Every structure is written in structure tokens, then in C-alpha cells.
Amino acid sequence: MDIIVVRQGATDKEVRQVVKKLEGKGFKANISKGTERTVIGVIGDTSKITEEESNTFEALPGVEKVLRIIQPYKLASRSFKPENTLIKVGRHVIGGKKIQVIAGPCAVENMATLLKIAEEVKKAGAAFIRGGAFKPRTSPYSFQGLREEGLRYLAETRKKTGMPVVTEIMDPRDINAILEYTDIIQIGARNMQNFRLLQEVGSYDKPVLLKRGLSATIKELLMAAEYIMSEGNNKVILCERGIRTFETETRNTLDLSAVPVLKGLSHLPVIVDPSHGVGKRHLIPPMAKAAVAAGADGLIIEVHTHPENALSDGEQSLKPDKFRVLMNELRAVAKAVGREI
Ligand code: PEP
Ligand code: MN
């Protein structure tokens, strides 16, 4: 027993009774009020619930039926919530008809460069500014990010441009600063299975952009989303950013089939990061267009005014003029698949 479907017209008192009974048995309840129906997700080890016990729930007033979910993820699954999840950030909606574009430098380097890049990508049609203040670098001797100073520059950029901010968290100890200065918390590929970090961001009402791990299966990505959602935060955006394969021509192998697969298995919005997916500037436009054609709800793209001087990922950063051309091309692709950008 994983899901309790509430009968149409059931009273709040009846729903509370179901929740109380669940809690009495040591489970937590996650209530999802959809347009069609309300369902209660049962959080905990549901394999221990016997058939008889499950029947006692079905007999409660206000309960239409009790369902079992075959997948190991529950709250993230489409069987739990058939309709697409829409995540509102300021005046923007992620997961709706409009494809949302997040753009900006890999890392926040200084105020002037960040602001200039933000103004450029905004003019081209991006809604969100990205930039890492805490950078997960392969070498401890590479630039690690400006930390809190970088977060302050992001907040200042938001104030000046009105663009909501996306930035990465690497350590639960930074959560308060991240919550204060940013709008969407990014969990990077290297931390996709940092379960303590997932639980931390799951306990706040702040959207989370969850990137697929370097060698993670789609199921593992959804289980990571489940970690966040089981703490109460349903605002998870899934991100395909390329996986490790035997191929060496590209930085990673961008698995675009993950987009329709994820959209089928889950109600969560799915976005694509072609920059880290391929790692080479000239390959980003074709893969961004392919991502939109494949049904992505958004894109996250690295842009830098002087990629040759960038402190990280310059080789995969688009210059603003190329980004503008890409945005125009994306409009036509979006239209062809019934979306807008
Ligand atoms: C990034 O977005 O700059 C980043 C480090 O991404 P990923 O975690 O996907 O490598
Ligand atoms: Mn990067």
C-alpha cells in the first residue's frame, strides 16, 4: 500500500483521520491536492503493510481506493501524480508550456562580469541567471568559487535585473546563506547521491534543480528526487547533464532519451544542460535544439562574455552573440513541438 486515493467530496476531517491512522502506524503522509483528485502518499517502509491492514484503510470513510506502486520511487512517480508539476519561481513557471532558459557563467567571478552576462542573456530571452559560488572542482588547486561573496553578487544581480538566481549548494552548512540569496538551489552531479544534502534541501520550501549523477541511472536520479520529496519539498526539477560513457569526443554523453523517459515516469519538470553534456562550445546549439525537440521543459546553458578568460568551463561557454542566435533558433523548434520559449 503506497497511495490512498481520497474520494471526491471527502471532508478535511476524513482526510485527517486517514493521516492520523497512518501516523499511528509510524508512517508519514504526503498530501497532494490535484485538480482531479486528492491522494495521500504513504511515506515509510510500506512493504511491511499486510493485505488486511491495507483493507482497513480502504474501509475508512472518505477513501476511494488504496494502491500499490511498483516503482521504488513514489512521490516522484506519475502513478502518484498524473498531472505535470508546475513550479512557480517569481513570475515564472517551470514545467508549463513555456520553456524556461537558465543562463550565465559557470562560476561567479566578479560583480561587473556577472552583471554584464546577466544583462546580455536577459536581452536574449533567458529568464534565470545561473552562477556557482561554491564550485565542485576536480582539483583542489582550481578556483573553488567566491563563496558568500559570490552569493551576494548573485543577489545584487537579481536586484538589478529582476532575474531569479540558480546556484549550487555543496555543503548543508551553507544552507542559510543559499536560502537567503537565491531562488533555486542546484544539486550538482557529484552530489546527486549525497543523501544528507538531499534531505537538507528537502526540508525547505525552495525549488531544487537536481542534476543527474555522472554515472547515475534514471532510476537512481528519481530515487534522489524521492529523498528530497520525502522530506516535504515537492519542488524538484530534474536535469539531464550527460553521463560517463566510453566516448571521449565529448566531455560526457548527453542522454537525450532520458527526457521522454523521465517525462513518462515522473510528473516533475525535466530540463537539459547541454554545456556540461558535451563540453564543447560548438556542440551546444545543436544539442540544445534537440533537447527542446525531445520535450525538455527548460535548458541551463553556460554563457560568458570572455570565455577565454573564464575561471572555469570557458571551453563550453557560449559568447552572448552566439547565445542570442541560439535563442532565436530555439523559438522555431519550440513552436514546432507545441511549446514556446
Ligand atoms: C555546473 O553547473 O557548473 C556544474 C558543476 O554542473 P554538474 O554538477 O552537472 O557537473
Ligand atoms: Mn560548469
Side-chain angles (χ1 to χ4, degrees), residues 100-109 113-114 117 121 126 128-140 142-147 150-151 153-154 165-171 174 178 182-194 197-198 201 207-216 218 220-221 224-225 228 236-245 250-256 258-259 262 270-281 283-284 287-288 291 296 298-319 323:
Q100 297 293 357
V101 179
I102 303 164
C106 178
V108 177
E109 299 173 353
T113 308
L114 178 65
I117 296 170
V121 296
F128 298 80
I129 178 76
R130 65 147 287 152
F134 299 93
K135 293 304 301 177
R137 304 306 300 279
T138 300
S139 166
S142 302
F143 176 59
Q144 302 287 310
L146 295 180
R147 307 174 63 89
L151 294 179
Y153 293 163
L154 284 165
V165 165
V166 182
T167 204
E168 177 166 353
I169 189 168
M170 296 216 305
D171 187 324
D174 300 320
I178 298 259
T182 69
D183 302 282
I184 299 181
I185 308 177
Q186 177 173 323
I187 298 276
R190 289 154 195 80
N191 274 313
M192 189 206 82
Q193 283 189 318
N194 182 338
L197 188 61
L198 298 176
V201 300
V208 177
L209 193 167
L210 176 64
K211 295 186 115 185
R212 182 176 181 183
L214 301 155
S215 306
I218 288 174
E220 285 162 343
L221 171 61
I228 299 169
V236 180
I237 303 148
L238 304 169
C239 179
E240 164 59 40
R241 48 78 71 203
I243 47 173
R244 268 267 156 104
T245 68
T250 46
R251 180 176 177 181
N252 291 291
T253 296
L254 189 64
D255 177 14
L256 284 183
V259 177
L262 284 167
V270 178
I271 72 164
V272 170
D273 173 351
S275 308
H276 294 86
V278 295
K280 289 180 180 171
R281 189 175 304 129
L283 297 176
I284 290 152
M287 296 321 282
L299 293 165
I300 177 164
I301 298 176
E302 286 182 341
V303 178
H304 200 292
T305 42
H306 298 92
E308 61 285 2
N309 298 330
L311 295 179
S312 62
D313 286 350
E315 63 288 357
Q316 65 189 38
S317 299
L318 289 180
K319 283 194 181 179
F323 177 70

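This one's a predicted model, so the numbers in the text were calculated from it and none came from an experiment. First listed ligand is number 1; within each ligand, the first listed atom is number 1.
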*Asks:* Test side-chain contact (heavy atoms from CB on, under 4.5 Å) on Leu262 and Leu221 and set out the steps.
*Replies:* CA-CA 9 Å; Leu262 284 167; Leu221 171 61; 3.9 Å; yes
*Asks:* What atoms of ligand 1 come within less than 4.0 Å of a heavy atom belonging to Lys135?
*Replies:* 1 (C), 3 (O)
*Asks:* Using distance alone, decide if ligand 1 has a nitrogen or oxygen within less than 3.5 Å of any nitrogen or oxygen in Arg241.
*Replies:* yes
*Asks:* Less than 4.5 Å apart, any side-chain heavy atom of Leu256 and any of Met287?
*Replies:* yes
*Asks:* Strictly distance-based, threshold 3.5 Å: is any side-chain N or O of Gln193 a donor or acceptor partner for the main-chain N or O of Gly213?
*Replies:* no
*Asks:* Under 4.0 Å from a heavy atom of Cys106: give me the atoms of ligand 1 that qualify, with their elements.
*Replies:* 3 (O)
*Asks:* Could you tell me whether the side chain of Asp273 and the main chain of Ser275 form a donor-acceptor pair under 3.5 Å?
*Replies:* yes
*Asks:* Out of Thr113, Thr167, Leu311, Leu154, which one pairs with Val108 under the side chain to side chain contact (heavy atoms under 4.5 Å, CB included) rule?
*Replies:* Leu154
*Asks:* Heavy-atom contact check, 4.0 Å cutoff: does Gly132 meet ligand 1?
*Replies:* no
*Asks:* Using the rule side chain to side chain contact (heavy atoms under 4.5 Å, CB included), only one of Arg190, Glu240, Gln186 pairs with Lys211; which is it?
*Replies:* Gln186
*Asks:* Which heavy atom in Gly104 sits nearest to a heavy atom in Ile129, and how many Å separate them?
*Replies:* CA-CD1, 4.0 Å
*Asks:* Looking at ligand 1, does Arg130 have a heavy atom less than 4.0 Å from it?
*Replies:* yes
*Asks:* Looking at every heavy atom in both Ile300 and Cys239, which two are closest together, and how far apart are they?
*Replies:* CG2-SG, 4.1 Å
*Asks:* With a cut-off of 4.0 Å, which atoms of ligand 1 are near a heavy atom of Gly188?
*Replies:* 8 (O)
*Asks:* When you check the space around the Mn ion (ligand 2), which protein N, O or S atoms turn up under 2.8 Å?
*Replies:* Cys106 SG, His276 NE2, Glu302 OE2, Asp313 OD2
*Asks:* In terms of residue, atom name and distance, what is the protein heavy atom nearest to atom 8 (O) of ligand 1?
*Replies:* Ala189 N, 2.7 Å
*Asks:* Measuring from atom 7 (P) of ligand 1, which candidate in Arg137, Met170, Lys211 has the nearest non-hydrogen atom?
*Replies:* Lys211
*Asks:* Run the salt-bridge test on Glu302 and Arg130 with the 4.0 Å N-O cut-off and return the result as yes or no.
*Replies:* yes
*Asks:* Is a side-chain donor-acceptor pair under 3.5 Å present for Asp313 with His304?
*Replies:* no
*Asks:* For the backbone of Ser142 and the side chain of Lys135, can you confirm whether one donor and one acceptor N or O come within less than 3.5 Å of each other?
*Replies:* no
*Asks:* Quick check: Glu168 and ligand 1, any N/O pair under 3.5 Å apart?
*Replies:* no
*Asks:* Find all atoms of ligand 1 within a distance of less than 4.0 Å from any non-hydrogen atom belonging to Glu302, and give their numbers and elements.
*Replies:* 3 (O)
*Asks:* Tell me which protein heavy atom sits closest to atom 4 (C) of ligand 1, plus the residue, atom name and distance to 0.1 Å.
*Replies:* His276 NE2, 3.4 Å
